[in-house]
2 protein chains.
Amino acid sequence: MVKKTGRPGYLQIADELRERIRGGLLAPGEPLPSTAQLAEQFDASLSVVKMAMGILRNEGLVVGQQGKGVFVREDDQLAQDGDLRAEVTALRSAVQDLTRRLEQMEAALPAAARKAGA
Amino acid sequence: MVKKTGRPGYLQIADELRERIRGGLLAPGEPLPSTAQLAEQFDASLSVVKMAMGILRNEGLVVGQQGKGVFVREDDQLAQDGDLRAEVTALRSAVQDLTRRLEQMEAALPAAARKAGA
DNA sequence: CAAGCCAACTAGGTTAACCATGTTGGCTAT
DNA sequence: ATAGCCAACATGGTTAACCTAGTTGGCTTG
């Protein structure tokens, strides 16, 4: 299944699964095949499948549940909206602001960081 | 360096590097320390550092050049042209990180959380 | 001196192994 | 029959090893 096109296998698998999700072949809430099954289907090693899953998880397209499986995220029809750009810009500003404020808190209250970190 | 906070090490490292970039500690065009150096600095294995680098690469924050190094992406506004997905991914990670840190603060300062929240 | 080779670095892909942890269904013993 | 255990499966994190391939600087050789 995985082709030797120069594009690494774990990205090919991530692409394919991403497209199945976008195309509706894998519906929201539906479980993906298990890691082992995917490895067999794609004729790939467990490792590359796990890497692909990690990417999709990081992208938020899927949600893993230990012991059960990996499921297509339910709540993101937001990805279809037209004007994401403004939304992303606003989110970035909000994150930057939160980061700054949280850093001030952590700097002012090292006890919290100590308790959490060490 | 990597703390046992429940958040996996490769995400902690990705968080830290992402913040260095956003904060300007690592300027656009500037090379990151090599994988080996980062592993030593974070007291982590090469593997987790490589995983962290893969995430940042996937997010488009950095660009790797085989044989040379990994560099902070120069055109920071590139995300405006196509790939909102990577931008959203980065923001999601940032939010996860902020959430984790804020929860630690709240756990360490229950009085403050009570006063502010409920 | 100059050309070229080579060793030592770099990123990146792949695989395998080990462990922790959560779920589930079936079997066993009471 | 039921309660509880347990094996088989699941995700997820970590580490190590091996390989490809590009870069760079120094040394050797012509």
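The figures here come from the full heavy-atom set of this structure, side chains too, leaving out hydrogens, waters and symmetry mates. Every chain is numbered from 1, with letters handed out A, B, ... down the list of sequences.
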Let me test you: for the helix from C:dC1-D:dG30 to C:dT30-D:dA1, what is the angle between the axes at its two ends (five pairs each), rounded to 10 degrees?
40°
Given side-chain contact (heavy atoms from CB on, under 4.5 Å), test A:Arg57 with A:Val70 step by step and report yes or no.
CA-CA 9 Å; A:Arg57 196 153 29 89; A:Val70 177; over 6 Å; no
Do you know the tightest heavy-atom contact between B:Val72 and B:Ala27?
CB-O, 3.3 Å
What heavy-atom pair brings A:Ala36 and A:Leu46 nearest, and what distance separates the two atoms?
CA-CD2, 3.8 Å
Rounded to the nearest Å, what distance is computed from the CD atom of residue A:Gln37 to the P atom of nucleotide D:dA10?
6 Å
Going by side chain to side chain contact (heavy atoms under 4.5 Å, CB included), name the residues that satisfy it together with B:Pro33, two or more places apart in sequence or in a different chain.
B:Gln37, B:Leu38, B:Gln41
What are the residues of residues 41-48 of chain A, sorted by number, that bring a heavy atom to within less than 4.0 Å of DNA chain C?
A:Ser45, A:Ser47, A:Val48
What is the first contacted nucleotide of DNA chain C and what is the last, in 5' to 3' order, if contact means an atom lying under 4.0 angstrom from a heavy atom of chain B?
C:dT10 to C:dG13
Which part of the nucleic acid does B:Gly9 contact within heavy-atom distance under 4.0 Å: base, sugar-phosphate only, or nothing?
sugar-phosphate
Strictly by salt bridge (charged side-chain N to carboxylate O under 4.0 Å, His left out), give each pair with a member in residues 24-43 of chain A just once, sequence neighbours left out.
none
A:Ser45: what forms a side chain to side chain contact (heavy atoms under 4.5 Å, CB included) with it, not counting sequence neighbours?
A:Ser47, A:Val48
Let me check something: any side-chain donor-acceptor pairs from residues 9-20 of chain B under 3.5 Å, sequence neighbours excluded? List them with distances.
unit_1	atom_1	unit_2	atom_2	d
B:Gln12	OE1	B:Lys3	N	2.8
B:Gln12	NE2	B:Lys3	O	2.5
B:Gln12	NE2	B:Arg7	O	2.6
B:Asp15	OD1	B:Arg7	NH2	3.3
B:Asp15	OD1	B:Arg18	NH1	3.0
B:Asp15	OD2	B:Arg7	NE	2.6
B:Asp15	OD2	B:Arg7	NH2	3.2
B:Glu16	OE2	B:Arg20	NE	3.0
B:Arg18	NE	B:Glu59	OE1	3.0
B:Arg18	NH2	B:Glu59	OE1	3.4
B:Arg18	NH2	B:Glu59	OE2	3.0
B:Glu19	OE1	B:Arg101	NH1	3.3

For A:Glu74 versus A:Gly29, what's the shortest heavy-atom pair and its separation?
OE2-CA, 3.5 Å
To the nearest Å, how far apart are A:Met51 CE and D:dT11 C1'?
17 Å
Applying side chain to side chain contact (heavy atoms under 4.5 Å, CB included), name anything that partners A:Gln66, two or more places apart in sequence or on another chain.
none
Under-3.5 Å N/O pairs linking protein and nucleotides 18-22 of chain D:
unit_1	atom_1	unit_2	atom_2	d
D:dG22	N2	B:Gly67	O	3.4

Heavy-atom distance under 4.5 Å between the side chains of A:Val62 and A:Leu26, does that happen here?
no
Please report the shortest heavy-atom distance between B:Val49 and B:Ala39, naming the atom on each side.
CG2-CA, 3.5 Å
Checking B:Lys68 now: which residues fulfil side chain to side chain contact (heavy atoms under 4.5 Å, CB included) with it, not counting sequence neighbours?
B:Gln65, B:Phe71
